[in-house]
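What follows is one structure encoded as structure tokens, with my remarks underneath.
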Amino acid sequence: MPLPPLPTRLGSRLSKETLNKAPDPSAHPDATAEQDAATAQTAAKQPSAASSEAAVDTPSAAAQKASKKTAAKKSVQATKATKTAKTAKTAKTAKTTKATKATKATKAAKTDPTAQTAQSAAAKKTSTQKAGKKASQQTPALLKTASKTATKQASTPSTAKDSQPATQATDKPKPGVQTALESAADETPKLFVLDTNVLLHDANCLFMFKEHDVFIPMIVLEELDNQKKGLSEVARNARQVSRYLDNIVLDQNMAQGMSLDILGHVEAQGKLFLQTQALDAQLPIHLPVGKADNAILYIVRSLQDKFKDKQVILVSKDINIRLKAKALGLPAEDYRHDHVMDDTDLLFKGSRVVAPDFWSELEGEVETWVQSGFTFYRIRGPLVRELSVNEFIYTETEPPFSAQVKEVHRNTAVLATLRDYGHTKNNLWGITARNREQNFALNLLMNPDCDFVSLLGQAGTGKTLLALASSLTQTLETKRYNEIIITRATVPVGDDIGFLPGTEEEKMAPWMGALEDNLEVLQAGSRHHYALSTHNTQHQSALEAIRAHIQIKSLSFMRGRTFLNKFVIIDEAQNLTPKQMKTLITRAGPGTKIVCLGNLAQIDTPYLTEGSSGLTYVVDRFKDWPHAGHITLQQGERSRLADFANSAL
């Protein structure tokens, strides 16, 4: 764009009005030429007026001076006219060039989307220049502001077009952000009404609802009072809940709600409300008032009418009351804080199959060395990030390859080969591994660095037999442990037969039928009678020598004990709650190994599911500890009848 011409005469001054009317350089070239011509005419008039005034004082000298000035003025005007013509010609040339470019851009826009954008920008620039010219002619006072705006728009022609989609994209958040914003906006305060079975199931449930409030009806307090007597876990939880409530209500206002974090549970930011007045409401169906579940449903409905700004939810582990609540249009949920996972199929298996060519997918060279008769491999690659310590990997090719993960550090893992307990030379009291998973289990059970081992599997997979064989070998032969302790949850499958006579072991004897059966198998197939510290090889003497190293204990008397150099077997661990499992495992002292056995498909404890079982709890929590191992046994080895019954029934 050509600049406006400078003044033709030194010392010539322009008025403020003329400066305000000065053309904008970004205006149209034709308009610039017209403004230059007008400026030249104004400058030419001022010297002619001065010369006429001088002519009055001195006629002769003034005439000569005027003639010289007239000649100079004509020369300047001619020069200026030439410059103006050149400027107009340049403007026309630029205009023609722009038109040519616009034509080319139009042709290219038919095949190139980018050209369409350029054409649109050029059109927008032309319209902006025309608007600036029109504004300069109609409103001189606003010419400077209009020209600045036109200059910005002309300097960045694509900004206006590009900013519009960008603004729309900014206004519309990304899917993930939008979901988070919507969930935060929809997060309304909740009021959870607790059923009695929730408090009896978990005494700490009062502090598990984070920032939400908790409401306890009066009928629930009455049922807690009825359940507090006895030595069972339910009675213990009832007494603990009563102590919690007594400490919470101390020096607090019941009407406005009592803070739940007063006892040190900082995660509980909500308030506790107790029923202090009669609550009644209308339900779609009339229910008998004398039943506790129906009274709780009436209270939930009344609280919905009272607290319009809160979402009132009934929490119960009783399926029937939840069904009744949903039938009446009342929100009800299960107490899920104790659930380790919803789908037990996602539970850690302890082993994984790898592709036959997984060695080719590793990064860099594989470092190998031999130590204590085992071959070690140091590997790197994407597989390492998925492995856990003491996890087993194997291939299904011939010959098969199997190894145990000994160490995982960032993107490096160390694998070690296994001892083959399927070979008769490595048998344990005459017992050999019959499948791959049993071999994995025996490698964990015989590993002194594994302090905790958990074995899962259906009936007949050999869990108890493998644990007993390994415990007897390490107790009677290698002397690694000095005693075997066996315990289990005394939960009957059918009706309870009542009190049992005798001592603790005599009372536990009916629950240990599986132990006796497996001991007979071990004694019959054992060739190591010399390890029993007796020279009598008769059947009865051998069994008595084995039983002398085995203690049968009840769970009721485990609290406060410490086991030193013991091999502890917890049978039927699926019937234990997470709290009971914690109580048992924390009994372990130096040199003690704990083995948990169970089948999640055979849970007999009320209000306990596969997701909330103590066995599921410990498997999930111990999977990344370097001194723990887990394996899920897949194939049944008891008999063909038992295998068919497991699959068909």
Worksheet, complete the sentence: Separation between CG (Leu615) and CD (Glu610), nearest 0.5 Å, reads 10.5 Å
Discussion item. Within this structure, what is the CD1-OG1 distance for the pair Ile631 and Thr461, rounded to the nearest 0.5 Å?
Written reply: 11.5 Å
Fill in: Gap separating the CG atom of Asn482 from the CG atom of Leu476, nearest 0.5 angstrom
11.0 Å
Worksheet item: Any side-chain donor-acceptor pair under 3.5 Å between Ser612 and Thr609?
Response: yes
Discussion item. Using side-chain contact (heavy atoms from CB on, under 4.5 Å), reason through Phe452 and Val618 one step at a time and then give a plain yes or no.
Written reply: CA-CA 10 Å; Phe452 179 82; Val618 295; 3.9 Å; yes
Worksheet item: Is any side-chain heavy atom of Glu233 less than 4.5 Å from a side-chain heavy atom of Lys579?
Response: yes
Discussion item. Does Arg419, at its CZ atom, have more than 12 non-hydrogen atoms belonging to other residues, nucleotides or ligands within less than 6.0 Å?
Written reply: no
Worksheet entry | Minimum side-chain heavy-atom gap Glu407-Val389 below 4.5 Å | no
Discussion item. What I'd like to find out is whether the side chain of Tyr377 reaches to under 4.5 Å of the side chain of Thr375, using heavy atoms alone.
Written reply: yes
Discussion item. Do the side chains of Glu391 and Arg352 get close enough for a salt bridge, i.e. N-O under 4.0 angstrom?
Written reply: yes
Worksheet item: So do the side chains of Leu576 and Tyr617 get within less than 4.5 Å of each other, counting heavy atoms only?
Response: no
Worksheet item: Taking the side chain from Ser454 and the backbone from Val619, do they hold a donor-acceptor pair closer than 3.5 Å?
Response: no
Response to the item:
dist Lys228:NZ -> Gln240:CD (nearest 0.5 Å) comes out at 14.0 Å
Worksheet item: Counting only N and O atoms by type, is there a donor-acceptor contact under 3.5 Å from the side chain of Asp195 to the main-chain atoms of Val198?
Response: no
Discussion item. When you measure from the side chain of Asn439 to the backbone of Arg436, do you find a donor-acceptor pair of N or O atoms at a distance under 3.5 Å?
Written reply: no
Discussion item. Tell me if a side-chain donor or acceptor on Ser613 pairs with a main-chain N or O of Gln574 at a distance below 3.5 Å.
Written reply: yes
Worksheet entry | Donor-acceptor contact below 3.5 Å, side chain Asn237 vs main chain Leu200 | yes
Item to complete: Decide yes or no on side-chain contact (heavy atoms from CB on, under 4.5 Å) for Leu597 and Ile569, but give the supporting numbers first.
Response: CA-CA 8 Å; Leu597 314 174; Ile569 299 176; 3.7 Å; yes
Worksheet entry | Closest non-hydrogen atom pair, Val241 against Leu199 | CG2-O, 3.6 Å
Practice prompt. For a side-chain hydrogen bond (donor to acceptor under 3.5 Å, both in side chains) with Gln404, tell me which candidate from Asn390, Asn443, Thr417 qualifies.
Written response: Asn390
Discussion item. Using side chain to side chain donor-acceptor pair (under 3.5 Å), reason through Glu637 and Gln438 one step at a time and then give a plain yes or no.
Written reply: CA-CA 10 Å; Glu637 299 291 349; Gln438 285 190 356; 5.1 Å; no
Discussion item. For Gln580, is there any backbone N or O sitting under 3.5 Å from a side-chain donor or acceptor partner on Lys582?
Written reply: no
Discussion item. Please verify the inter-ring angle class for Phe209 with Tyr335; under 30° counts as parallel, over 60° as perpendicular, anything in between as tilted.
Written reply: tilted
Worksheet entry | Under 3.5 Å: donor-acceptor pair, side chain of Asn565, backbone of Tyr481 | no
Item to complete: Just say parallel, tilted or perpendicular for the rings of Phe440 and Phe392, cut-offs at 30° and 60°.
Response: parallel
Fill in: Taking every non-hydrogen atom, the tightest pair across Leu455 and Ala441
CD2-CB, 3.8 Å
Worksheet entry | Heavy-atom closest contact (Val408 atom, Ser388 atom, distance) | CG2-C, 4.4 Å
Worksheet item: Out of curiosity, Thr432 OG1 to Asp420 CG, how far, rounded to the nearest 0.5 Å?
Response: 9.5 Å
Fill in: Separation between NZ of Lys190 and CD of Glu211, rounded to the nearest 0.5 Å
8.5 Å
Worksheet item: Can you tell me if CZ on Arg434 sees more than 12 non-hydrogen neighbours from other groups inside 6.0 Å?
Response: no
Discussion item. Could you check whether any side-chain heavy atom of Phe567 comes within less than 4.5 Å of a side-chain heavy atom of Arg480, counting everything from C-beta outward?
Written reply: no
Discussion item. For Cys450, is there any backbone N or O sitting under 3.5 Å from a side-chain donor or acceptor partner on Lys593?
Written reply: yes
Practice prompt. Report yes or no: does His201 contribute a side-chain atom to a donor-acceptor pair with the main-chain N or O of Lys317 at less than 3.5 Å?
Written response: no
Practice prompt. Can you see which heavy atom on Ile603 is nearest to which on Leu608, and at what distance?
Written response: CG2-O, 3.5 Å
Item to complete: Say whether, by atom type as modelled, one donor and one acceptor occur between the side chain of Gln227 and the main chain of Leu224 under 3.5 angstrom.
Response: no
Worksheet item: Which is it for Leu418 and Phe374 under the side-chain contact (heavy atoms from CB on, under 4.5 Å) test, yes or no, and what are the steps along the way?
Response: CA-CA 7 Å; Leu418 308 176; Phe374 298 96; 5.9 Å; no
Item to complete: Could you walk me through whether His212 and Phe192 pass the ring pair (Phe, Tyr, Trp, His ring centres under 6.0 Å) test, one step at a time?
Response: CA-CA 8 Å; His212 304 293; Phe192 291 101; 5.7 Å; yes
Worksheet item: So Trp369 and Phe376, would you call those rings parallel, tilted or perpendicular, with 30° and 60° as cut-offs?
Response: parallel
Worksheet item: Should Ile570 and Ile594 count as side-chain neighbours, where that means a heavy-atom distance under 4.5 Å?
Response: yes
Worksheet item: Does any non-hydrogen side-chain atom of Phe563 lie less than 4.5 Å from one of Lys553?
Response: no
Discussion item. Do Val214 and Leu260 make a side-chain contact, defined as non-hydrogen atoms from C-beta onward lying under 4.5 Å apart?
Written reply: yes
Worksheet item: After noting the C-alpha distance and the side-chain angles of Thr487 and Ile552, does the key distance pass the side-chain contact (heavy atoms from CB on, under 4.5 Å) rule?
Response: CA-CA 6 Å; Thr487 185; Ile552 301 174; over 6 Å; no
Worksheet item: How close do Leu633 and Leu466 get, heavy atom to heavy atom, and via which atoms?
Response: CD1-CD1, 4.5 Å
Worksheet item: If you take all heavy atoms of Phe622 and Ala628, which pair is closest and at what distance?
Response: O-CB, 3.6 Å
